[in-house]
2 protein chains.
Amino acid sequence: MPIGSGRKGAVSGTSPRRGALDFERPLVLVDVVVFAVRDDRLEVLLVRRPADSNDPYPGAWALPGGFVDVGRDADLSACAARKLRDKTGIDPPYLEQVGSFGGRDRDPRGWSVTTVYFVLLSAQSIVGGLSDDASWAPVDREGVARALAFDHAVLLAAAVRRLRAKVEYTSLPAFLLPAEFTLSDLQHAYEIVLDRPLEKSAFRTRILSTTLVEPVPKRREGANRPAQLYRLRDPGELVYFPRTFNPPRD
Amino acid sequence: MPIGSGRKGAVSGTSPRRGALDFERPLVLVDVVVFAVRDDRLEVLLVRRPADSNDPYPGAWALPGGFVDVGRDADLSACAARKLRDKTGIDPPYLEQVGSFGGRDRDPRGWSVTTVYFVLLSAQSIVGGLSDDASWAPVDREGVARALAFDHAVLLAAAVRRLRAKVEYTSLPAFLLPAEFTLSDLQHAYEIVLDRPLEKSAFRTRILSTTLVEPVPKRREGANRPAQLYRLRDPGELVYFPRTFNPPRD
DNA sequence: TGAATAGTGTCTTTCAGACAGTATTGG
DNA sequence: CCAATACTGTCTGAAAGACACTATTCA
């Protein structure tokens, strides 16, 4: 078959019924994986689905998210930011799209597509307490201990894998810290996300060889030698390192 | 505001109208960026939109793609594979999701979400000619010379960036080659995608230090020294290298 | 023999890993 | 002084960059 001789008009924008738009549309959702470091652990925000509704999975834990509102959301990331604002009251400092999951069977209400984002919060930005229908759950391996609604365990696993992979060669963990931090703080954030220790000397050399941070004329005092405080030179910008941290073990 | 006290039911699966599904749904599409190396260039497959329809962008060039068919497509990647089969008659050897683009303004027919995939084809797999409504266009920088319908230039740029970035540390270009190839062929594919020369010795060392390829007991004859032929040890599997090819220039 | 491409060897550079060492605070 | 954490220096090894060198075919 010659290329281009598709048997159905498969050109983008051509519908199953040519020119018409009266075919069934999938449900469109956005789900957000909110990461934070709490108690020296990587944790993720979960919300409980209403127990008394006729929605699926009543009372189950799920990722925050929901349907795109075509009236309110200008685009997908605005929808994700809205979901996050509604749940936590804060504007996302770092929002990254992980990917989309769509199919016939992932939601009993019909063919659905969800686009998953992840967000990194510093512990300082989440001073408020949790209401009853939300809770933090520690990340264990690629997920959480409790069962999740829909295919949210799959979505969460994808987000965790993306986070861990990207932490190997980017400055992502900086978004888990307050505006001013020490290099030890930063190394600690890396170690929590990667769940393995890093070598101090190499870590410092590597961070300081980039333009990621700049010192602020302050030091953190304590029961030991004070530490230099740093801030991001370009807040909100991600820095890429030329190599991963530990070359994969053989 | 305490976390979790969202003012609207923002739990996943909760609609703008609680429990009901009678709100407006976005259009859901899939678009596919088909890459191949032709004439020592990286090229991408474009299709022409019908000129005589009342669809938007009549007669314009676009990425192959279109609406999800909830009756036929089990999931998003099946939809992408179907679009590709319809257009080229071949099953995708390597299909990767690039990301989703959704918003109010990207399609005049309404709020739409498209999920973009890219595919790598070997020149050998596309022996058939092109029909009038399809053509290959060389990739220049992050796009093609001709104007594209919708926001397809943005989608294409995202796919090109993803491809180039991932080629730095994976075996992706192997999918642009036939089943049996020489190391020079492979290096050539890398150089075409990355648009820069690679050093032969380092390239060979690197490839042969992995389990990516295994020699086949054949050699390619020519007007010079014959070259050892190799094949993928695990066809369809992507191999990750511990480092990028040339550490980014400073 | 020479052109052309295949393939190897060798030196250098870069940077992470390991780890020991020094520095600076409070108690 | 000691404990504790911050920070630096030094050696090593792995892998890329540069580049010259050898190898094998056809014409």
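The heavy-atom pair separating R164(A) from R141(A) by the smallest distance is NH1-O, 2.9 Å. Closest of all the heavy-atom pairs between F101(B) and V154(B) is CE2-CG1, 4.2 Å.
Aromatic ring pairs are classed by plane angle as parallel below 30°, tilted from 30° to 60° and perpendicular above 60°; the pair F35(B) and F118(B) is perpendicular.
Between dA6(C) and S184(B), a contact under 4.0 Å exists linking OP1 or OP2 to a side-chain N or O. Between R219(B) and the phosphate of dT25(D), there is a side-chain N or O to OP1/OP2 separation shorter than 4.0 Å.
One atom, CZ of R196(B), and another, P of dA18(D), lie 11 Å apart when rounded to the nearest Å. Going from atom CD1 of I207(A) over to atom P of dA6(D) covers 15 Å, rounded to whole Å. Note: CG (N224(B)) to P (dT24(D)) measures 14 Å, nearest angstrom. Distance CZ (R220(A)) to C1' (dA4(D)): 15 Å, rounded to an integer number of Å. Whole-Å rounding puts the F203(A) CZ to dA18(C) C1' distance at 17 Å. Atom CD in E191(B) sits about 14 Å away from atom C1' in dT5(C), given to the nearest Å. In this structure, the CG atom of L208(A) is 12 Å from the C1' atom of dA6(D), given to the nearest Å. Atom C1' of nucleotide dT5(D) and atom CD of Q228(A) are separated by 15 Å, given to the nearest angstrom.
Taking the side chain of R204(B) as heavy atoms from C-beta on, and the options dT24(C), dT8(C), dA6(D), the nearest nucleotide is dT8(C). The side chain of A202(B) approaches dA16(D) more closely than any other nucleotide in the set dA16(C), dA16(D), dA4(D).
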Go through the steps for R146(B) and S135(B) under the test side-chain hydrogen bond (donor to acceptor under 3.5 Å, both in side chains), then give the verdict. CA-CA 11 Å; R146(B) 58 189 97 166; S135(B) 102; 2.8 Å; yes
For R41(A) and D140(A), run salt bridge (Lys or Arg N to Asp or Glu O under 4.0 Å): C-alpha distance rounded to whole Å, both residues' side-chain angles, the deciding distance at 0.1 Å, then the answer. CA-CA 9 Å; R41(A) 293 185 305 194; D140(A) 182 31; over 6 Å; no
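Judged by distance alone, with hydrogens and angles left aside, the side-chain atoms of R233(A) form a donor-acceptor pair with the main-chain N or O of T211(A) at under 3.5 Å. A distance-only check finds a donor-acceptor pair linking the side chain of D75(A) to the backbone of S77(A) [under 3.5 Å].
Between A227(A) and A223(B), the residue anchored nearer the 5' end of DNA chain D, judged by the nucleotide with its closest heavy atom, is A227(A).
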What nitrogen or oxygen pairs link the protein and nucleotides 20-22 of chain C at under 3.5 Å?
none

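Residue E221(A) is classed as having no contact, given no heavy-atom separation below 4.0 Å to the nucleic acid.
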